[in-house]
Amino acid sequence: MSSNSLNRFRVRPAEPRDCTEILRLIKELAAFENMPNAVKVTETDLLRDGFGSRPFFQCLIAEANKDDAMQETDIVGFAMYYYTYDPWIGKLLYLEDFYVMDEYRGWGIGTELLKRLSQATIETNCSCMHFLVVVWNKPSIEYYMRRGASDLSTEEGWHLFRFDKENLVRMASGD
Ligand SMILES: CC(C)(COP(=O)(O)OP(=O)(O)OC[C@H]1O[C@@H](n2cnc3c(N)ncnc32)[C@H](O)[C@@H]1OP(=O)(O)O)[C@@H](O)C(=O)NCCC(=O)NCCS
């Protein structure tokens, strides 16, 4: 666990009891990205998929204090990530969601989350951290670029594709 120098917030790994708040933040980020109805996961899904015998994701939680002693806190930000594998470069950390509530931005919470993610990336011998940013989210693109991120879509021409369930069912049945 780590906290900022002014003791206004702290960052810690998520626990099963955080799933309600994690889902709230996932929905807030989806709304920020103009896709409020895209969130289909439930609290039960998060509990099973993040905290079961084979976790599919990990999560860091940022808590802001309500009092100096940090006795009472609010969950105000999170980073959801998982480890994946690239056949060219090997292990990498994929940052899936990264969000701090509007009224807590500029406190350094995002920087602390990125510090913890960078440490996790290095400690697990991953070569890099990948993430997606929607093209109109200029403040976040600039935020990442100021920290040295490269835009692989423009530099290397990658596009993100998806097979949805309908296509998968069709291919699975051999049609
Ligand atoms: C991107 C995000 C997670 C950063 O979190 P944060 O806690 O505000 O980050 P920090 O406090 O470490 O840094 C904020 C930066 O904005 C500046 N800033 C200052 N006051 C600010 C404010 N009120 N609001 C936002 N940014 C502010 C800071 O100076 C800092 O600049 P820097 O890049 O030169 O360090 C947060 O802005 C956010 O949730 N944005 C909306 C969701 C989003 O775009 N997520 C990423 C999707 S890919």
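Numbering of ligands and ligand atoms starts at 1, following listing order. Since we're looking at a predicted model, the values are computed, not measured. Quick note: numbers below take in every heavy atom, side chains included, and nothing from hydrogens, waters or symmetry partners.
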Original post:
Numbering the atoms of ligand 1 from 1, which are under 4.0 Å from a heavy atom of W107?
Top reply: 11 (O)

**OP:** Mind checking whether Y143 contacts ligand 1 via backbone (N, CA, C, O), side chain (CB onward), both or neither, at a 4.0 Å heavy-atom cut-off?
**Re:** side chain

**OP:** May I ask you to list the atoms of ligand 1 that are less than 4.0 angstrom from any heavy atom of Y99?
**Re:** 39 (O), 42 (C)

Original post:
If you count the atoms of ligand 1 from 1 in the order shown, which ones are under 4.0 Å from a heavy atom of T111?
Top reply: 10 (P), 12 (O)

Subject >> Residues that D86 engages under salt bridge (charged side-chain N to carboxylate O under 4.0 Å, His left out), provided they are two or more places apart >> reply: none

Original post:
For atom 21 (C) of ligand 1, what is the nearest protein heavy atom, given as residue, atom name and distance?
Top reply: G106 CA, 3.6 Å

Subject >> Any protein heavy atom < 4.0 Å from atom 19 (C) of ligand 1 >> reply: yes

Original post:
Which atoms from ligand 1 have a heavy atom of L132 less than 4.0 Å away?
Top reply: 48 (S)

Original post:
When you look for heavy atoms under 4.0 Å from ligand 1, do you find them on the side chain of Y144, its backbone, both, or neither?
Top reply: side chain

Original post:
Which word best sums up how the rings of W136 and F32 line up, parallel for under 30°, tilted for 30 to 60°, or perpendicular for over 60°?
Top reply: tilted

Original post:
Do any nitrogen or oxygen atoms of L29 come within less than 3.5 Å of a nitrogen or oxygen of ligand 1?
Top reply: no

**OP:** Before accepting this row, confirm whether a basic side-chain N of the pair D18/R24 lies closer than 4.0 Å to the acidic partner's carboxylate O.
**Re:** no

Subject >> Proximity of D97 to ligand 1 by residue part, where a heavy atom lies under 4.0 Å >> reply: neither

**OP:** Please check if the distance between the ring centroids of F57 and Y82 is under 6.0 Å.
**Re:** no

Original post:
For N137, does its backbone N or O pair with a side-chain atom of S140 as donor and acceptor, under 3.5 Å?
Top reply: no

Subject >> Student check: side-chain heavy atoms of R8 and W107 closer than 4.5 Å >> reply: yes

Subject >> Heavy-atom neighbours of E166 CD exceed 12 at 6.0 Å >> reply: no

Subject >> Expected output: side-chain K91 to main-chain T124 donor-acceptor under 3.5 Å >> reply: yes

Original post:
Can you tell me the protein heavy atom closest to atom 39 (O) of ligand 1 and the distance?
Top reply: V100 N, 2.8 Å

Subject >> For R147, atoms of ligand 1 separated by under 4.0 Å from a heavy atom >> reply: 32 (P), 33 (O), 35 (O)

**OP:** Among all protein heavy atoms, pick the one closest to atom 7 (O) of ligand 1 and tell me residue, atom and distance.
**Re:** G110 N, 2.8 Å

Original post:
Within the side chain of R116, is there an N or O that forms a donor-acceptor pair under 3.5 Å with the backbone of V11?
Top reply: yes

Original post:
Does the protein place any heavy atom closer than 4.0 Å to atom 5 (O) of ligand 1?
Top reply: yes

Original post:
With under 30° as parallel and over 60° as perpendicular, where do the rings of Y99 and F78 fit, or are they tilted in between?
Top reply: perpendicular

Original post:
Are F131 and Y144 an aromatic pair by the rule of ring centers under 6.0 Å?
Top reply: yes

**OP:** Could you tell me whether the side chain of R147 and the main chain of Y143 form a donor-acceptor pair under 3.5 Å?
**Re:** yes

Original post:
Of all the non-hydrogen atoms in the protein, which one sits nearest to atom 37 (O) of ligand 1, and at what distance?
Top reply: R105 CD, 3.3 Å

Subject >> Residue part near ligand 1, for R146, under 4.0 Å between non-hydrogen atoms >> reply: side chain

**OP:** Please report which non-hydrogen protein atom sits nearest to atom 43 (C) of ligand 1, along with the residue it belongs to and the distance in Å to one decimal place.
**Re:** S140 OG, 3.5 Å

Original post:
Between the main-chain N or O of A62 and the side-chain N or O of R10, is there a donor-acceptor pair closer than 3.5 Å?
Top reply: no

Original post:
Which residue holds the protein heavy atom closest to atom 2 (C) of ligand 1, what is that atom called, and what is the gap in Å?
Top reply: F98 CE2, 4.2 Å

Original post:
Of the backbone atoms (N, CA, C, O) and the side-chain heavy atoms from C-beta on, which set of E112 has a member under 4.0 Å from an atom of ligand 1: side chain, backbone, both, or neither?
Top reply: neither

**OP:** Under 4.0 Å, heavy atoms only, figure out whether ligand 1 is touched by the backbone of L113, its side chain, both or neither.
**Re:** neither

Original post:
In ligand 1, which numbered atoms sit nearer than 4.0 Å to a non-hydrogen atom of I109?
Top reply: 7 (O), 11 (O)

Subject >> Top protein contact for atom 11 (O) of ligand 1, by heavy-atom distance >> reply: G108 N, 2.7 Å

